[in-house]
Amino acid sequence: MKVIQIQNPGKNSSLVIDEAPTPDPGPNEILVKIKATALNRADLLQRSGNYPPPKGASDILGLEMAGIVEKTGSKVSRWQEGDHVMGLLAGGGYAEYCTIHEDMAMSMPENLSFEEAAAIPETFLTAFQALIWLGRLTQQETVMIHAAGSGVGTSAIQLAHQLRDAQIIATAGKQHKLESAQELGAEFTYNYKTQNFADEIVGDIGEDSVDLIVDFIGAPYWEKNIRVLTMDGRVVYLSFLGGHRLEKMSLAPILKKRLSIMGSTLRSRALDYKIKLTKDFASQALPLFKSGKLSPAIDSIFDWSEAEQAHQRMANDKNTGKIVLTGM
């Protein structure tokens with residue numbers, strides 16, 4: 001099969017179309033003919049040599065896909081040849097074919113294209129885990145979502161709005177990303193480049209007013225995050241794009257406000273965990289995709305021969321929502 005491989009991993013890496021053996025599904029796996037996949041920040045980190053795949057996972061880039069079942073393992077009962085599926089991968093999405101455990105695959109909503117379906121699994125499952133499983137967001141709480149124009153950010157805004165009727169605060173560094181956040185359901189939006197979001201929140205909503213924060217930035221936002229959190233507030237860290245080292249910090253607010261500070265990645269989680277997460281997400285969210293209440297925010301679609309240009313768009317922070325590769 002044809003695959004996109006990393007050449008010279010590191011600062012001078014490039015992407016090339018190559019060939020690799022077509023995987024054979026295990027007893028509980030299905031072989032999927034990939035029709036579309038989508039980019040994630042993890043892809044950029046992996047090609048730079050800073051995010052190796054988990055033990056046993058494919059070293060081919062790509063954490064999600066949508067496609068058609070080509071073959072089923074001997075013990076598979078849920079799927080049959082020709083079914084349209086989408087799913088989260090630990091690797092292997094930048095290829096013509098992949099294998100996936102039958103319980104990790106989700107049925108594609110009939111109203112979605114392969115490109116739209118490929119933009120769902122990684123970002124929506126990550127956002128669902130952060131908001132519902134880890135962040136314990138309840139009805140009509142206030143949640144702040146940083147990096148609101150990212151794939152996970154746009155997904156988290158929609159899930160918080162549709163599943164919990166939350167009051168949503170969004171931050172981003174570009175006006176068009178904030179406008180997109182408002183369209184998706186954010187009530188308050190702040191440009192972190194020109195505004196102190198903590199001061200703005202105190203003025204607009206009040207002191208100690210945020211129940212949950214989903215943060216990808218890290219150190220630069222620490223003090224502002226802690227300042228606006230309410231009693232029993234929670235922070236879920238999904239990345240540290242702005243750095244992870246704090247020169248000065250006080251632990252006192254964590255005790256005083258009974259705060260919960262959490263961090264999580266999804267790729268390295270155990271298979272059983274990811275299966276349970278996928279099933280919970282599918283039961284709560286898939287009907288909303290079918291009804292049109294949820295939809296992936298797609299920034300752009302590239303042919304997979306243009307993967308390098310797609311990566312550059314993400315690296316330059318030009319995308320609002322997902323960048324999709326198609327034409328596998």
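Note: hydrogens, waters and symmetry copies are ignored here, and every other heavy atom, side chains too, is used.
- Taking both residues in full, the closest heavy atoms of L159 and A127 are given as CD1-CB, 3.9 Å, listed atom of the first, atom of the second, then distance.
- Side-chain contact between I201 and S209 is present, with heavy atoms from C-beta onward closer than 4.5 Å.
- Between the side chain of N111 and the backbone N or O of F289 there is at least one donor-acceptor pair closer than 3.5 Å.
- Note on R136 versus D232: no salt bridge recorded, every NZ/NE/NH1/NH2 to OD/OE distance being 4.0 Å or above.
- Taking 4.5 Å as the limit, some side-chain heavy atom of C98 sits within range of a side-chain heavy atom of I34.
- In this structure, the separation between CD1 on I323 and CD on Q309 is 11.5 Å, given to the nearest 0.5 Å.
- Hydrophobic clustering (side-chain heavy atoms under 4.5 Å, transitive across Ile, Leu, Val, Met, Phe, Trp, Tyr) keeps V324 apart from M314.
- Here the shortest heavy-atom pairing between T123 and E64 reads N-OE1, 4.1 Å.
- Checked by atom type and distance alone, the side chain of Q167 never pairs as donor or acceptor with a backbone atom of A186 at under 3.5 Å.
- A salt bridge links R47 with E308: the closest approach of a Lys/Arg side-chain nitrogen to an acidic carboxylate oxygen falls below 4.0 angstrom.
- Taking 4.5 Å as the limit, some side-chain heavy atom of R227 sits within range of a side-chain heavy atom of V202.
- Atoms OH and CG, on Y94 and L89 in that order, are 11.5 Å from each other to the nearest 0.5 Å.
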Inset, instruction - Given side-chain contact (heavy atoms from CB on, under 4.5 Å), test E70 with I68 step by step and report yes or no. - result: CA-CA 6 Å; E70 184 93 356; I68 302 172; 5.8 Å; no

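- The CG atom of L88 sits 8.0 Å away from atom CG of L277, with the distance rounded to the nearest 0.5 Å.
- No single ILVMFWY cluster, assembled from side-chain heavy atoms under 4.5 Å apart, contains both I100 and L63.
- Screening E306, K35, E115 for a side-chain hydrogen bond (donor to acceptor under 3.5 Å, both in side chains) involving T326 leaves a single residue, E115.
- Under the 4.5 Å side-chain criterion, counting only non-hydrogen atoms from C-beta, V143 is not in contact with I169.
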### Message
side-chain contact (heavy atoms from CB on, under 4.5 Å) for Q284 and L163? Distances and angles first, verdict last.
### Response
CA-CA 8 Å; Q284 294 194 50; L163 295 183; 4.3 Å; yes

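- Interatomic distance, CD1 of I168 versus CG of L212, reported as 11.0 Å (0.5 Å rounding).
- Side-chain N or O atoms of T278 include one that pairs as donor or acceptor with a backbone N or O of K274 at under 3.5 Å.
- Interatomic distance, L61 CG to Q5 CD, rounded to the nearest 0.5 Å: 8.0 Å.
- Atom CD of E110 is surrounded by 12 or fewer heavy atoms from other residues, nucleotides or ligands within 6.0 Å.
- With N316 contributing its side chain and K318 its backbone, the two residues share no donor-acceptor pair below 3.5 Å.
- In terms of heavy atoms, I60 sits closest to M1 at CD1-CE, 4.3 Å.
- Screening D24, T99, T22 for a side-chain hydrogen bond (donor to acceptor under 3.5 Å, both in side chains) involving K71 leaves a single residue, D24.
- Below 30°, between 30° and 60°, or above 60°: for F188 and Y190 the angle between ring planes is below 30°, a parallel geometry.
- A continuous path of ILVMFWY side-chain contacts below 4.5 Å connects M65 to W304, so both sit in one hydrophobic cluster.
- Nearest heavy atoms, P25 versus I30: CB-C, 4.0 Å.
- Rounding to the nearest 0.5 Å gives a distance of 10.0 Å between CE of M262 and CG of L238.
- Formation of a donor-acceptor pair under 3.5 Å by the N225 side chain with backbone atoms of W222 is not found in this model.
- Q129 places no side-chain N or O within donor-acceptor distance of the main-chain N or O of L125, the cut-off being under 3.5 Å.
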| task | Decide yes or no on side-chain contact (heavy atoms from CB on, under 4.5 Å) for M231 and D208, but give the supporting numbers first. | result | CA-CA 7 Å; M231 188 69 71; D208 303 335; over 6 Å; no

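- Annotation: cation-pi pair R313/F302 absent, no NZ/CZ under 6.0 Å from the ring centroid and within 45° of its normal.
- Heavy atoms of other residues, nucleotides or ligands lying less than 6.0 angstrom from NZ of K174 number more than 12.
- Taking the six-membered ring where the residue is Trp, the centroids of Y221 and F197 are separated by under 6.0 Å.
- For the pair Q158 and S295, the minimum side-chain heavy-atom distance is below 4.5 Å.
- Considering only heavy atoms from C-beta on, P121 stays 4.5 Å or farther from F281 through its side chain.
- A donor-acceptor contact shorter than 3.5 Å is absent between the side chain of W79 and the backbone of T72.
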Discussion item. Between Y273 and L266, is the side-chain contact (heavy atoms from CB on, under 4.5 Å) condition met? List the steps.
Written reply: CA-CA 9 Å; Y273 178 97; L266 184 54; 4.2 Å; yes

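- Taking hydrophobic clusters as Ile, Leu, Val, Met, Phe, Trp and Tyr residues chained together by side-chain heavy-atom distances below 4.5 Å, V210 shares a cluster with Y237.
- For the pair E96 (side chain) and K2 (backbone), a donor-acceptor distance under 3.5 Å is present.
- For E122 and T126, the side-chain atoms include at least one donor-acceptor pair closer than 3.5 Å.
- Taking every heavy atom of both residues into account, A181 and A170 meet most closely at CB-CB, 3.8 Å.
- Linking ILVMFWY side-chain heavy atoms closer than 4.5 Å, directly or via other members, places F128 and M108 in a single hydrophobic cluster.
- In this structure, N40 and K322 have side chains that are in contact, with non-hydrogen atoms separated by less than 4.5 Å.
- In this structure, the side chains of H161 and L184 stay at 4.5 Å or more apart for every pair of heavy atoms.
- In this pair, H84 and F114 present their aromatic rings tilted. The plane angle is within the 30 to 60° band.
- Electrostatic pairing of D299 and K177 does not count as a salt bridge here, judged by no charged N lying under 4.0 Å from a carboxylate O.
- Scanning all heavy atoms of the two residues, the minimum distance from R267 to P53 falls at NH2-CB, 3.3 Å.
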